[in-house]
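Since the structure comes first, as structure tokens, the remarks are kept for the end.
These numbers come from the heavy atoms of this one structure, side chains and all, not from hydrogens, waters or symmetry mates. This chain uses plain numbering: 1 for the first residue, then up along the sequence. Only a predicted model underlies this, so the values are computations on that prediction, with no experimental measurement involved.
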Amino acid sequence: MPDSPSQTTPIPPVDGVLTMFYYNDLQAAADWYHRVLGFEKILIAEGLVLFRIHEGSQLALVGKGYGSQQPLAGTNKGAILSIQTRALQQWHERIASHEAEGIGHELHRGGNGRTVEFKVRDPEGYTIEFFEWVE
């Protein structure tokens, strides 16, 4: 079988990744991400707050009635924000000090034993996972 174009054409570079979550109460969500997680606000516009998570990685919070999607009720959003970090214990302590919803009292094994992790929920039920790979 001949090579398909996707096998012979080089993969173009990627300069960053932007995840978008949708909210009924954009201000409450933006305040939580800034206060609890300490993410840096890099853009505030009507219906949008953009945070830098890491160089090349941003999180966009989009208000109801803006963007191409709409907020979903409940805690099963069909997506989570998963953050890899070598400072897992420090993240857990920071978030636990804010008494954030859904955070457990300790780190646990996940990913079929391949990670150590914890999860927390934001004000409208999105799950944020912090993890470290286990060697």
So, taking the atom named [atom1] in [X] and the one named [atom2] in [Y], what distance separates them when rounded to the nearest 0.5 Å?
| X | Y | atom1 | atom2 | value |
| --- | --- | --- | --- | --- |
| Ile53 | Ile83 | CD1 | CD1 | 5.0 Å |
| Leu72 | Glu124 | CG | CD | 10.5 Å |
| His92 | Lys119 | NE2 | NZ | 12.0 Å |
| Phe51 | Leu81 | CZ | CG | 11.5 Å |
| Gln70 | Tyr23 | CD | OH | 14.0 Å |

Flag side-chain contact, heavy atom, 4.5 Å: [X] against [Y]:
| X | Y | result |
| --- | --- | --- |
| Gln58 | Thr19 | no |
| Asp31 | Gln27 | yes |
| Val116 | His108 | no |
| Glu132 | Gln84 | no |
| Arg109 | Thr115 | no |
| Met20 | Val62 | yes |
| Gln90 | Arg94 | no |
| Tyr33 | Phe21 | yes |

The criterion is ring-ring contact (aromatic ring centres under 6.0 Å, His included); which residues satisfy it with Phe131, sequence neighbours excluded?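 Phe131: ring-ring contact (aromatic ring centres under 6.0 Å, His included) contacts with Trp133.
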
Side chain Tyr126, main chain Tyr22, donor-acceptor under 3.5 Å: yes

Pair up each side-chain donor or acceptor in residues 35-50 with any protein partner under 3.5 Å, not counting sequence neighbours, and list the distances.
{"residue": "Glu40", "atom": "OE1", "partner": "Arg52", "partner atom": "NE", "Å": "3.1"}
{"residue": "Glu46", "atom": "OE2", "partner": "Tyr66", "partner atom": "OH", "Å": "2.7"}

Is Val17 isolated, or which residues cluster with it under the ILVMFWY side-chain rule of less than 4.5 Å, directly or via members?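 Other cluster members: none.
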
Considering non-hydrogen atoms only, spot the tightest contact between Pro71 and Lys64 and give its length.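 That would be CG-CB, 4.0 Å.
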
For Ala29 and Pro123, the nearest pair of non-hydrogen atoms, with its separation, is CA-CG, 4.2 Å

Could you go through the side chain to side chain contact (heavy atoms under 4.5 Å, CB included) check for Asp122 and Ile128 one step at a time? CA-CA 7 Å; Asp122 79 4; Ile128 298 89; 3.9 Å; yes

Once the angle between the rings of Phe118 and Phe130 is folded into 0 to 90°, is it parallel (under 30°), tilted (30 to 60°) or perpendicular (over 60°)?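 Aromatic pair Phe118/Phe130 classed parallel.
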
Linking I/L/V/M/F/W/Y whenever their side-chain heavy atoms sit closer than 4.5 Å, directly or via other members, would Val134 and Leu88 fall into one cluster? yes

If hydrophobic clusters are built by linking Ile, Leu, Val, Met, Phe, Trp and Tyr wherever their side-chain heavy atoms come under 4.5 Å apart, do Leu26 and Leu18 end up in the same one? yes

Atom NE2 of residue position His34 - does it have more than 12 heavy atoms of other residues, nucleotides or ligands inside 6.0 Å?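 Open.
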
